[in-house]
Amino acid sequence: MAKIQPRIYKGTRDFLPEQMIKRNYVINIIKRVFEKYGFEPLETPTIELWETLSGKYGEEGDRLTYRFTDRGDREVGLRYDLTVPMARVVAMYPQIPKPFKRYQIQPVWRADKPQKGRYREFYQCDVDIIGSASMLADAEIVAIIYETLQKLGFSGFKIRINNRKVLSGLTEISGAGIEKEVEICRAIDKFDKIGLEGVQGELEKRGIPADARERILNYLEISGSNQERLNQLEKAFADSEIGLEGLAELRELFGFLKEYEIPDEFLLFDLYLARGLDYYTGPIYETVVEEPRIGSITGGGRYDRLIGLFSGQDQPATGTTIGLERIITVMEELNMFPENLRTSVQVLVTVFDRDSLPYSIKIARTLRDAGINTDLYTGKSKLRGQFGLANDKGIPLVLIAGPDEIQNRLVNIKDMRSGAQQQVDLAEMVNAVRKLLAAEAAG
RNA sequence: GUGGAUGUAGCUCAGUUGGUUAGAGCACCAGGUUGUGGACCUGGGGGUCGUGGGUUCAAGUCCCAUCAUCCACCCCA
């Protein structure tokens with residue numbers, strides 16, 4: 001048989017056990033927070049009909065969506081995010097009680113060129129509230145972002161918050177024409193990278209007239225605390241109904257966030273935040289970490305008209321994506337994972353020889369019945385090799401039972417970290433192992 | 001999709017103006033240690049120098065093409 005070169009499709013990855021353990025660690029923390037806030041799980045198919053996906057993400061999004069025809073010539077695609085499939089679900093099952101709080105952790109696919117922290121297949125963790133127009137729903141989302149990142153051990157991050165209506169207001173009073181809003185947003189969004197002068201240049205390139213440019217830049221330059229900037233914009237937006245509406249929403253949102261007692265230093269009203277997706281209609285949010293510079297680790301906002309595309313009837317909705325891949329990248333770079341996260345195996349039961357095998361099986365069964373993650377050695381190496389395996393995998397405890405122990409109903413427990421070894425009665429084994437594991441976890 | 005850089009052992013890399021048989025560290029395997037890992041010592045396996053073509057007496061080294069990877073832009077998690 002001809003050997004096939006083992007290769008992997010660009011932008012995709014295998015997750016070996018050591019990585020999976022880290023990923024599960026992160027996912028479990030995220031899930032716990034989501035459920036603590038009253039969100040319930042949802043999953044949707046990998047493949048959707050093309051009509052479900054197309055036109056929801058803007059022109060660029062369409063281009064980056066994997067698309068093909070099945071054997072019956074039906075146009076289908078791989079999901080590009082979790083929000084649109086969820087909107088389809090909500091429209092299909094109107095009986096779901098509202099407000100509907102769902103979370104969803106699944107891979108999505110983008111036909112993008114891979115880069116650092118950017119893949120063609122990657123996981124997203126979404127939380128959304130459907131059926132509430134209240135800013136309280138948005139506050140819940142921001143609060144969940146804050147708590148999730150805290151629980152994961154992040155300390156240096158900022159949740160940037162803006163409102164699409166404020167950007168509409170900005171466009172309106174600039175006099176550039178409301179149809180230029182997307183162009184203006186794109187230009188503004190680049191501020192972080194290119195600075196105010198760069199934004200000026202971008203606006204010019206995108207055909208925004210000089211007087212409109214000047215007005216936009218004027219407002220962008222407004223400085224001060226979150227409150228002060230909201231106040232100043234309120235005056236400037238006197239002639240823009242939509243702009244004022246957006247500011248009022250932000251005021252209410254920040255008011256709620258005060259009740260959640262999220263420290264001010266984590267929240268930033270940021271006029272420069274625009275976000276690319278077309279479907280946002282109200283508050284929008286995004287989280288950035290100070291280092292390493294990797295782009296945003298969460299992103300979301302309110303999208304009150306998306307569900308209407310499927311049901312014919314608009315349904316207020318808001319939510320965020322927590323970017324699992326980037327979070328893991330950052331946590332790895334900042335060494336934020338606990339030390340003893342290399343394996344889920346807690347004990348390796350060695351096998352001395354063929355005659356001692358029944359005794360080893362008995363030991364393993366006893367430990368497993370006690371709920372301890374136990375590997376029983378099934379290979380052909382001598383003790384030396386078995387210890388090597390435990391060492392390579394980072395298994396904390398190794399149990400040894402040879403002829404001497406068997407005769408006296410004893411077992412040897414070796415703590416691989418300290419190198420210390422103790423001999424205990426078989427009846428005491430589970431307790432002794434638990435004790436050592438607890439000490440391990442604490443240390 | 002556009003622009004730039006880089007490809008030598010499983011990994012990180014060295015390799016002189018082109019000149020014998022391409023090296024190191026780590027990792028791996030075996031032994032020292034027939035009841036015990038990590039440290040140490042000894043030995044060992046492993047490379048069509050990304051691939052294809054060209055120049056040359058001679059190419060890891062120079063040229064062309066191609067593929068792959070990385071970086072930036074675009075967009076985004």
Side-chain angles (χ1 to χ4, degrees), chain A residues 5-11 16 26 30 57-65 79-83 105-126 145 182 185-187 189-190 192-194 198 202 205-206 273-278 285-289 293-300 320-330 348-353 355-356 360 377 381-406 410-423:
Chain A
Q5 191 62 228
R7 299 195 304 157
I8 190 165
Y9 177 64
K10 191 202 278 270
L16 301 184
V26 173
I30 291 174
Y57 312 107
E59 205 180 308
E60 186 73 7
D62 264 12
R63 199 168 68 77
L64 295 177
T65 305
R79 63 165 172 264
Y80 177 89
D81 73 355
L82 302 176
T83 307
I105 302 175
Q106 287 188 275
V108 302
W109 291 267
R110 296 189 186 174
D112 206 353
K113 206 164 183 172
Q115 250 178 63
K116 186 187 172 81
R118 182 190 245 189
Y119 307 94
R120 285 182 172 171
E121 178 183 60
F122 62 98
Y123 275 74
Q124 290 195 326
C125 310
D126 274 33
I145 293 170
V182 173
C185 284
R186 294 248 161 89
D189 201 40
K190 288 189 189 166
D192 277 351
K193 275 185 180 168
I194 60 182
E202 278 289 321
K205 210 165 73 190
R206 288 161 194 270
L273 175 65
R275 302 214 36 89
L277 294 177
D278 284 1
Y285 9 87
E286 181 172 296
T287 307
V288 289
V289 285
R293 276 206 70 179
I294 194 168
S296 54
I297 56 172
T298 84
T320 190
T321 297
I322 295 187
L324 183 66
E325 311 298 349
R326 285 188 182 174
I327 281 176
I328 290 171
T329 305
V330 174
L348 174 72
V349 178
T350 57
V351 175
F352 188 79
D353 58 21
D355 290 338
S356 73
S360 289
Y377 187 73
S381 292
K382 301 278 184 198
L383 232 36
R384 179 182 160 83
Q386 303 186 35
F387 273 89
L389 179 72
N391 190 58
D392 290 348
K393 292 185 68 166
I395 300 171
L397 300 181
V398 174
L399 267 55
I400 317 99
D404 301 347
E405 289 86 354
I406 294 173
L410 297 171
V411 61
N412 262 311
I413 306 174
K414 177 153 182 174
D415 188 323
M416 295 295 280
R417 257 201 338 177
S418 62
Q421 186 165 316
Q422 54 175 298
Q423 202 167 52

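Below, chain A is the first sequence line, B the second, and so on; all start at residue 1.
- Under 3.5 Å, the side chain of Lys113(A) and the base of G1(B) form no donor-acceptor pair of N or O atoms.
- Looking at heavy-atom distances under 4.0 Å, Tyr123(A) makes no contact with the nucleic acid at all.
- Between Val108(A) and Tyr80(A) the shortest side-chain heavy-atom distance does not fall below 4.5 Å.
- Within the structure, a side-chain polar atom (N or O) of Lys190(A) is placed less than 4.0 Å from OP1 or OP2 of C74(B).
- Considering only the side chain of Glu60(A), C74(B) comes nearest among C74(B), G37(B), G35(B).
- Here G35(B) is the nucleotide among G35(B), G37(B), A77(B) with the atom lying nearest to any side-chain atom of Asn412(A).
- No N or O donor and acceptor, one from the side chain of Asn391(A) and one from the base of G38(B), sit under 3.5 Å apart.
- Phosphate contact (OP1/OP2 of C76(B), side-chain N/O of Arg118(A), threshold under 4.0 Å): absent.
- Residue contacts for Glu121(A): at a heavy-atom cut-off of 4.0 Å it reaches no nucleic acid atom on any strand shown.
- In this structure, Gly419(A) reaches the bases: a heavy-atom distance under 4.0 Å links it to at least one base atom across the strands shown.
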Kindly indicate, with the supporting measurements, whether the criterion side chain to side chain contact (heavy atoms under 4.5 Å, CB included) is fulfilled by Asp126(A) and Thr320(A). CA-CA 6 Å; Asp126(A) 274 33; Thr320(A) 190; over 6 Å; no
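- Interface remark: the Lys414(A) side chain does form a donor-acceptor pair with the U36(B) base, using a distance-only criterion of under 3.5 Å.
- Applying the 3.5 Å distance criterion, the base of G35(B) shares no donor-acceptor pair with the side chain of Gln386(A).
- Stacking is found between Phe122(A) and the pyrimidine-like six-membered ring of the A77(B) base under the 5.5 Å centre-distance and 30° plane-angle cut-offs.
- The base of C76(B) sits with one of its N or O atoms less than 3.5 Å from a complementary donor or acceptor on the side chain of Arg326(A).
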